[in-house]
Amino acid sequence: MWRRRTLGLLFICIFVFILLLVRLMQIQLFKTEAFSKHNVNLLEESVKQRTQELVIDNGRGNFLDRNGEPLTHKKATVLVLFPFLKKTDWDVEKVADITGISQEALEASVESAKKPFAYGKPDPVELTSFQMNQINALKIPGVFAVEKKFERKEVPAEQLLGLTGENAKELKKRYPDKELSEKTLIGVSGLEESFDEFLLPEGKSKLVYHVDGGGAPLFGINVKYVDPANPFYPVNIRTTIDKTFQQKAEELVDHYQIKKGGLVLLDIEDNSVLALVSRPVMNKKDPYNGAGIVNQMLKQQIMGSVFKTVTAAAAIENNLDNPNVLFNCSQKINGKPERKYDYGMLNFTDSFARSCNRTFGELAKDLQKTDSNMLEQFASKLSLTGSVGWQGDIYHTSDFKQLPDEDKGRVFVSDEARKDANFAAMSGIGQHEVRGTPLSVANMMATIARGGQKEMVRTVSKIEYKNGTTMVDFPKKDLKGDTVSPYTAMKLQKLLREVVVNPNGTGRWFKNLPYEAAGKSGTAETGKFADGKQLHNKWFAGYFPYNQPKYALVTVNLDVPDNEGGVNLLFADMVKMLYEVNH
């Protein structure tokens, strides 16, 4: 009996030993680079346990403004110290003399360090190039002066540029054929996401040294510099943003306490984004909590009277702009007496300048009788209902979109509404189901300013290799589809200018700006209420200078009471700022 028990126990021990042997072989031989369901690289992890390093550059591509100024990061020359210095006799006195940092402070920082660090808290002390050369000339092991890449705490145009994060599952889904560490950063929003494939790192630049279990140098005190050694990477994404304009625009938006909304500034000549501000601001610690991660300038909004520009274009091309025809602007759109905006009898031009709802409601009805699709056709001609961001075939990617999250605008949702005269009237003044993005509205103004030439909006002009040569170019491209005639565009230009120069125009506040401006105001009812008050979207969209158009600008404040605004003052101050910068 005891022999059977002994044999059974022996077999169990042998079986357990075989299992352990198989497991050991799996760890040591077969699965060393992709262990467990998490694909852990055991070789890398074992090296990490014996290695301390300081990353100088994570290798991910960078974003620059149109002048080559870094937007998401900065490079600074800093003093790097390694913790093994506490176990060596190093010339701290000379380092202190060169850097201006006290000897005591340097020794204390090394004594408390457990890993390599750039000296200075919370922000590293920056050295001059002369100081850098002096430090490195000392050739003290564990003491270096290097140019290190730092991510900016405050990133301009943060919703446009977007965020990065670690997501092993999404990384594998996007790049199943690439061998990438689970810790690789990927873009999760904005341009960081749309350009992610180009921004992926080839490897990190870092200072490395090996330690034993006690943290002492394992192979002497030589620190190794590790670099991907690829002269072409990381790449730089050269955006069309002007950093100076962007920073001033953000200051002005916050000055006028716009909690939801922002602005879009376009360069009319190359139809590119010079500045884009979206509020609310992003909570970097918890970006998906709240609306901060949403780029409001790319989301469809109720635009109100700004849409009268579309109705006016359709009326012009259908000969409904007869200056001798008068409209009863003492009545509301439904024919009831207008108490608040009792303008009397107005012709087409004065109706546009004063933004008479009755006139454009009646015109929309007349247009609908001719063709129920008329408003949609002209909204498309003026780039309000389609995507306006740059898209096309590049490199090895077909139909690449710079702004994949951009909403498309609309006029009607249902065919029933399209054929209803009352809904047509409401749509003619930019209410009911009419929606458009601030970006598309800015593009509409740029299209009119160019005489009807409709183009895609660029946010990035090119991708550059590390050495400055061009990898991918994003040229100017026309938007597909019909546009308004040059004659119609010219008449729209005059109407938009009339809004400003007319003594009773809704843009008369801009008459004395240093640049002559043209544009259209909008106050849209949102159907939302707060504290018993109806909330509105407040807009001003225009371009300037009037005779030689250079900029298109849209300012918008969303979901605010009727007595709040800020968009007019914001528009005016942006015009003044641009004039001052250019003069």
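Side-chain atoms are counted along with the backbone in the values below, which use heavy atoms only and exclude waters and symmetry mates. Keep in mind that what you see is a predicted model, and the values were worked out from it rather than measured.
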Checklist outcome for this item: Test salt bridge (Lys or Arg N to Asp or Glu O under 4.0 Å), reference Asp270, set Lys476, Arg450, Arg458, output is Arg458
Item to check | Side-chain donor or acceptor of Lys401 paired with backbone N/O of Ser387 under 3.5 Å | outcome: no
Next on the checklist: Taking Leu64's backbone N and O only, do any of them form a donor-acceptor pair with Thr239's side chain (distance below 3.5 Å, no angle check)?
Outcome noted: yes
Next on the checklist: Keeping Asp267 on the side-chain end and Ser272 on the backbone end, is there a donor-acceptor pair under 3.5 Å?
Outcome noted: no
Item to check | Euclidean distance, Leu479 CG relative to Glu455 CD, rounded to 0.5 Å | outcome: 8.5 Å
Item to check | Short side-chain donor-acceptor distance under 3.5 Å, Asp196 and Tyr175 | outcome: yes
Next on the checklist: Looking at every heavy atom in both Val556 and Pro438, which two are closest together, and how far apart are they?
Outcome noted: CG1-CG, 4.1 Å
Checklist entry - If you measure only the distance, is there a donor-acceptor pair under 3.5 Å linking the side chains of Asn582 and Tyr515? => result yes
Checklist entry - Taking Gln246 for the side chain and Leu276 for the main chain, is one N or O donor matched with an acceptor at less than 3.5 Å? => result yes
Checklist entry - Is there side-chain contact between Glu317 and Ser485, with heavy atoms separated by less than 4.5 Å? => result yes
Item to check | Gln431 side-chain N/O to Glu525 backbone N/O, donor-acceptor pair under 3.5 Å | outcome: yes
Checklist entry - Can a salt bridge be assigned to the pair Arg238 and Asp473 using a cut-off of 4.0 Å between side-chain N and carboxylate O? => result no
Next on the checklist: How close do Lys153 and Asp123 get, counting heavy atoms only, and between which atoms?
Outcome noted: NZ-OD1, 3.3 Å
Checklist entry - Between Lys75 and Pro70, is any pair of side-chain heavy atoms under 4.5 Å apart? => result no
Item to check | Ring geometry between Phe400 and Phe474 (parallel below 30°, tilted from 30 to 60°, perpendicular above 60°) | outcome: tilted
Item to check | Plane angle bin for Phe544 and Tyr551 - parallel if under 30°, tilted between 30 and 60°, otherwise perpendicular | outcome: tilted
Checklist entry - Going by distance alone, is a donor N or O of one side chain under 3.5 Å from an acceptor N or O of the other, for Gln300 and Arg410? => result yes
Checklist entry - Would you call Asp321-Lys491 a salt bridge at under 4.0 Å N-O? => result yes
Checklist entry - Is it true that a side-chain atom of Glu158 and a backbone atom of Leu163 form a donor plus acceptor pair closer than 3.5 Å? => result no
Checklist entry - Do Asn563 and Lys533 meet the criterion of a side-chain donor-acceptor pair at a distance under 3.5 Å? => result no
Checklist entry - Is there a donor-acceptor contact under 3.5 Å from the side chain of Ser351 to the main chain of Cys356? => result no
Next on the checklist: Within the structure provided, determine whether Phe360 and Phe352 are in side-chain contact (heavy-atom separation under 4.5 Å).
Outcome noted: yes
Next on the checklist: Quick check with a 6.0 Å cut-off and a 45 degree axis cone: is Lys381 positioned over the face of Phe378's six-membered ring?
Outcome noted: yes
Item to check | Value rounded to 0.5 Å, distance of OG1 in Thr447 from CG in Leu266 | outcome: 9.5 Å
Checklist outcome for this item: Value for CG (Leu492) from CG (Leu382), rounded to nearest 0.5 Å, stands at 6.5 Å
Checklist entry - Are any side-chain N or O atoms of Arg60 and backbone N or O atoms of Pro201, one a donor and one an acceptor, separated by less than 3.5 Å? => result no
Checklist entry - With a 4.5 Å heavy-atom cut-off, do Gln257 and Glu564 have their side chains touching? => result no
Checklist entry - Side chains of Val560 and Leu535: does their closest heavy-atom pair fall under 4.5 Å? => result no
Checklist entry - Are Lys528 and Asp559 close enough for a salt bridge, meaning some N to O gap below 4.0 Å? => result yes
Checklist entry - Arg435 and Thr385: side-chain donor and acceptor closer than 3.5 Å? => result no
Item to check | Verdict with supporting geometry, Phe348 and Ile316, side-chain contact (heavy atoms from CB on, under 4.5 Å) | outcome: CA-CA 10 Å; Phe348 178 76; Ile316 291 167; 4.3 Å; yes
Item to check | Aromatic ring pairing Phe198/Phe195, orientation class (parallel under 30°, perpendicular over 60°, tilted between) | outcome: tilted
Checklist entry - With distance as the sole test, does Glu269 use its side chain to make a donor-acceptor pair with the main-chain N or O of Lys550 at under 3.5 Å? => result no
Next on the checklist: Is it the case that atom CG in Asp393 sees more than 12 heavy atoms from other parts of the structure closer than 6.0 Å?
Outcome noted: yes
Checklist entry - With no hydrogens and no angle check, is any side-chain donor or acceptor of Thr555 less than 3.5 Å from a backbone partner on Leu570? => result no
Next on the checklist: Against the six-membered ring of Trp539, is Lys520 placed for a cation-pi contact (under 6.0 Å from the centre, within 45° of the normal)?
Outcome noted: no
Checklist entry - Between the side chains of Glu251 and Gln247, is a donor N or O closer than 3.5 angstrom to an acceptor N or O? => result no
Checklist entry - Are a donor atom and an acceptor atom from the side chains of Ser305 and Ser355 found within less than 3.5 Å of each other? => result yes
Item to check | Salt bridge present between Lys454 and Asp482 (N-O < 4.0 angstrom) | outcome: no
Item to check | Aromatic Phe150 / basic Lys148 pairing, under 6.0 angstrom, 45° off normal | outcome: yes
Item to check | Residues Asn271 and Asn443: side-chain donor-acceptor under 3.5 angstrom | outcome: yes
Item to check | Modelled atom types, side-chain donor and acceptor of Gln402 and Thr459, under 3.5 Å | outcome: yes
Item to check | Audit row: Lys248, Glu250, salt bridge (charged side-chain N to carboxylate O under 4.0 Å, His left out) steps and yes/no | outcome: CA-CA 5 Å; Lys248 289 183 179 295; Glu250 292 185 7; over 6 Å; no
Checklist entry - Are Thr311 and Leu375 side-chain neighbours, meaning at least one heavy-atom pair lies under 4.5 Å? => result yes
Item to check | Sidechain N-carboxylate O distance under 4.0 Å for Asp65, Lys243 | outcome: no
Checklist entry - Once you round to the nearest 0.5 Å, how far does CG of Leu263 lie from CG of Leu252? => result 8.0 Å
Item to check | Charged N-O contact under 4.0 Å between Glu170 and Arg174 | outcome: yes
Checklist entry - Less than 4.5 Å apart, any side-chain heavy atom of Leu553 and any of Phe571? => result yes
Checklist entry - Going by distance alone, is a donor N or O of one side chain under 3.5 Å from an acceptor N or O of the other, for Lys259 and Asn557? => result no
Next on the checklist: Suppose we call two aromatic rings close when their centres sit under 6.0 Å apart. Are Phe540 and Phe510 close by that rule?
Outcome noted: yes
Checklist entry - Do Lys299 and Val294 come within less than 4.5 Å of each other through their side chains, counting heavy atoms only? => result yes
Item to check | Exercise: identify the closest heavy-atom pair between Ile268 and Ala446 | outcome: CG1-CB, 4.2 Å
Checklist entry - Would Gln391 and Asp399 count as having a side-chain donor-acceptor pair, cut-off 3.5 Å? => result yes
Item to check | Polar contact flag, side-chain donor to acceptor under 3.5 angstrom, Asp573-Tyr256 | outcome: yes
Checklist entry - Side-chain donor-acceptor pair under 3.5 Å between Asp350 and Asn502, yes or no? => result yes
Next on the checklist: Working to the nearest 0.5 angstrom, can you tell me the gap between Leu160 CG and Glu192 CD?
Outcome noted: 10.5 Å
Checklist entry - How about Phe130: does its CZ atom have over 12 heavy atoms from other parts shown lying under 6.0 Å from it? => result no
Checklist entry - Any salt bridge between Asp57 and Lys206, counting N to O under 4.0 Å? => result no
Checklist outcome for this item: In this structure, CE of Met303 is separated from OG1 of Thr523 (nearest 0.5 Å) by 13.5 Å
Checklist entry - Do Asp242 and Arg66 sit within salt-bridge range, that is, some charged N less than 4.0 Å from a carboxylate O? => result no
Item to check | With Lys74, the salt bridge (Lys or Arg N to Asp or Glu O under 4.0 Å) member among Glu69, Glu126, Glu147 | outcome: Glu126
